[in-house]
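Values reported hereafter were calculated over all heavy atoms of this structure, with side chains retained and with hydrogens, waters and symmetry mates removed.
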Amino acid sequence: MKTIEYAVTDPMGLHARPAGILVKKAAAFQSKITVENAEKGKSADAKRIMGVMSLGVKQGQKIVLTIEGDDEEQAAQELEGFLKENL
Amino acid sequence: MEQYTGKSVVQEIAVGSIYVFAKKESSLTKRTIEDADQEMARFEAARTEAMNQLDHLYQEALTQVGEEEAMIFDTHKVMLEDLDYLEAIEEKIRTDKVNAEYAVTATGEEFAAIFAGMDDEYMQARAADVKDISDRVVRILEGRQDEGFHPAEPVIVLAEDLTPAETIQMDKSKILAFVTQKGSANSHTAILARSLNIASLVNADVEIKPEYHGRQAVVDGVEGVFYINPEPELLKQKEKQQKELAGREEALKQLIGMPSETKDGRKIKIYANMGNVEDVAQVLKNDAEGIGLFRSEFLYLGREDFPGEEEQFEAYKEVVSAMQGRKVIIRTLDIGADKKADYFGLEPEENPAMGYRAIRICLTREEIFRTQLRAIYRASAFGTVSIMFPMIISVTEIRKIKKIVEQVKAELAAENIATGEVELGIMVETPAAAVISDQLAEEVDFFSIGTNDLTQYTLAIDRQNQKLDSFYDSHHEAVLRLIRMTVENGHKAGIWVGICGELGADETLTGTFVDMGLDELSVSPSSVLKIRDRVRNIG
């Protein structure tokens with residue numbers, strides 16, 4: 001199991017557009033991936049956009065991605081890069 | 001002539017005929033189905049078609065408005081693939097045995113309700129996206145076409161609300177203005193209106209009646225008014241104003257980046273007033289040198305309960321960051337009088353303008369005040385922030401405020417939360433404050449003269465009462481003397497003095513104010529360049 005912690009810097013938070021891209025990215029992996037809004041203690045399946053958007057992650061808040069499965073190594077690496085670049 | 005008001009998004013004027021953009025009513029009925037597999041297949045076929053349409057829209061948007069805005073259709077596709085959404089639909093079809101149209105509509109409403117209930121204005125606006133994708137599928141299931149928009153000549157589009165798909169498909173050369181009954185400054189219509197720079201009103205109090213179609217109308221984005229069947233005289237006046245606006249705007253654009261300085265070298269700062277996070281775009285666009293009055297009431301109005309520290313902090317921070325070091329003067333809450341929110345539990349008053357409002361609430365209900373001060377001080381770490389306090393009449397009040405401010409600062413320091421240097425100032429908007437401005441100046445870092453209230457209190461004239469119009473004189477010598485006195489007393493104590501009321505934007509007084517030695521004028525974003533132009537022609 002891999003976990004990634006990331007504090008969102010985008011002024012709009014994890015809004016519709018990046019949520020959409022994150023979900024697409026996550027869907028490309030076999031692993032089960034969950035995303036948690038660390039401040040609210042709410043989590044959602046990272047492959048489901050409605051859930052991800054309803055976490056209401058805002059700028060400055062921390063999210064935790066938990067990745068579990070055969071391709072977790074690669075998923076963790078790519079998703080971390082994605083977060084830094086887009087959020 | 002009919003007249004309505006709305007929230008203006010773009011300060012332009014449009015004259016033309018109305019095009020009522022009415023959505024065709026869905027004849028949604030709930031039916032019990034026999035064959036769930038067959039109904040699922042119907043739904044899947046419709047969903048596939050919807051995905052194709054979205055691909056097409058994405059391509060259109062890419063060429064029209066660029067990738068940033070086009071991405072919304074890509075996001076819609078991801079939503080249409082969302083398993084939570086699809087499972088909810090499938091369950092309704094298989095378990096409840098309802099028709100696909102009903103299952104999709106009901107599911108869309110459920111998800112929209114989740115977003116609408118979030119405490120984040122941006123996410124609330126996403127409820128419209130969920131409804132939009134659901135409507136698209138239902139439309140396909142019912143065999144209806146997208147609503148067409150084919151006016152013969154450019155028109156004023158009047159609609160309840162417009163989805164991104166609807167606005168993208170419209171021929172932009174045929175749109176003079178938008179007027180929508182719903183929508184916010186964050187809605188897609190507003191974004192598009194700004195990028196096209198056309199007059200637009202959202203949240204307008206007009207009904208969408210089919211008979212309005214084809215009628216002549218004026219959209220006045222300067223005043224935020226929508227006129228249907230305008231009187232010939234008004235029409236003439238607005239057309240003239242429209243022409244002037246276009247000509248003058250071009251000339252004023254040349255002043256962006258230029259100093260606000262008279263010919264003989266006297267400088268005055270021109271700041272902007274604003275009352276909403278979104279307004280900051282207009283402030284920057286018009287090259288204001290700072291924000292002289294950031295009204296914080298928007299955080300408190302139109303809601304059920306007090307805004308929390310975090311929410312306030314986010315709003316202030318967004319504005320402060322966007323200003324990139326330019327000064328942002330935040331006025332603490334000025335609730336009471338004509339601005340009320342039920343949850344404050346304010347009792348009706350005989351004389352609300354002179355009643356329990358503004359700093360008087362803050363100093364008796366300190367918890368409200370402290371939350372706001374904490375949020376502002378936290379935001380001060382991200383730029384240059386000043387705070388000003390409204391409705392001050394005495395030195396005692398300022399000392400009380402400063403004591404609370406010190407406690408808040410100490411609290412934040414103890415929690416290791418970063419803050420910046422913050423100037424503290426007051427609004428001089430009561431005759432009392434102007435008269436003892438020598439004493440008040442010893443206590444604060446700046447004065448900002450609120451001329452609207454100062455005039456109404458000095459002349460004892462209620463601005464809301466039209467019967468008094470003939471008695472009212474905005475250039476009354478008493479008011480001008482109080483302003484002069486406040487400036488002189490401020491300068492004697494070595495502090496700066498500005499104006500943030502309507503008088504600041506009165507071009508006939510700009511020369512007088514420069515002569516009085518005012519250090520700053522804060523005006524609406526759309527007046528910034530006008531006043532700069534005026535200043536540059538003095539001396």
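The nearest pair of heavy atoms linking Thr371(B) to Pro307(B) is CG2-O, 4.3 Å.
Interface residue Leu83(B): backbone and side-chain heavy atoms are both found under 4.5 Å from chain A. Residue contact with chain A, scored on non-hydrogen atoms closer than 4.5 Å, involves the side chain of Glu87(B) exclusively. Interface remark: Met79(B) contributes backbone and side-chain atoms alike to the contact with chain A (heavy atom separation under 4.5 Å). In this structure, no portion of Leu22(A) lies under 4.5 Å from any heavy atom of chain B.
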(request) Apply side-chain contact (heavy atoms from CB on, under 4.5 Å) to the pair Val283(B) and Met323(B), showing each step before the final yes or no. (result) CA-CA 9 Å; Val283(B) 172; Met323(B) 289 301 287; 3.9 Å; yes
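Proximity to chain B at a heavy-atom threshold of 4.5 Å picks out Lys24(A) from residues 24-38 of chain A, in numerical order.
Ranked by heavy-atom pairs under 4.5 Å with chain B, the list Lys47(A), Arg48(A), Met53(A) is led by Arg48(A). Ranked by heavy-atom pairs under 4.5 Å with chain A, the first of Glu318(B), Glu81(B), Lys317(B) is Lys317(B).
Aromatic ring pairs are classed by plane angle as parallel below 30°, tilted from 30° to 60° and perpendicular above 60°; the pair Phe298(B) and Phe294(B) is parallel.
Taking 4.5 Å as the limit, every side-chain heavy atom of Val130(B) sits out of range of all side-chain heavy atoms of Arg126(B).
Considering only residues two or more places apart in sequence or on other chains, Tyr316(B) meets the side-chain hydrogen bond (donor to acceptor under 3.5 Å, both in side chains) condition with Gln312(B), Gln372(B). In this view, Glu39(A) satisfies the salt bridge (charged side-chain N to carboxylate O under 4.0 Å, His left out) rule with no residue, not counting sequence neighbours. For Tyr6(A), there are no ring-ring contact (aromatic ring centres under 6.0 Å, His included) partners, not counting sequence neighbours.
The only member of Glu80(A), Glu68(A), Glu78(A), Glu73(A) that meets salt bridge (charged side-chain N to carboxylate O under 4.0 Å, His left out) when paired with Lys2(A) is Glu73(A).
Under a cut-off of 6.0 angstrom, the local environment of OH in Tyr102(B) is sparse, with at most 12 non-hydrogen atoms contributed by other residues, nucleotides or ligands.
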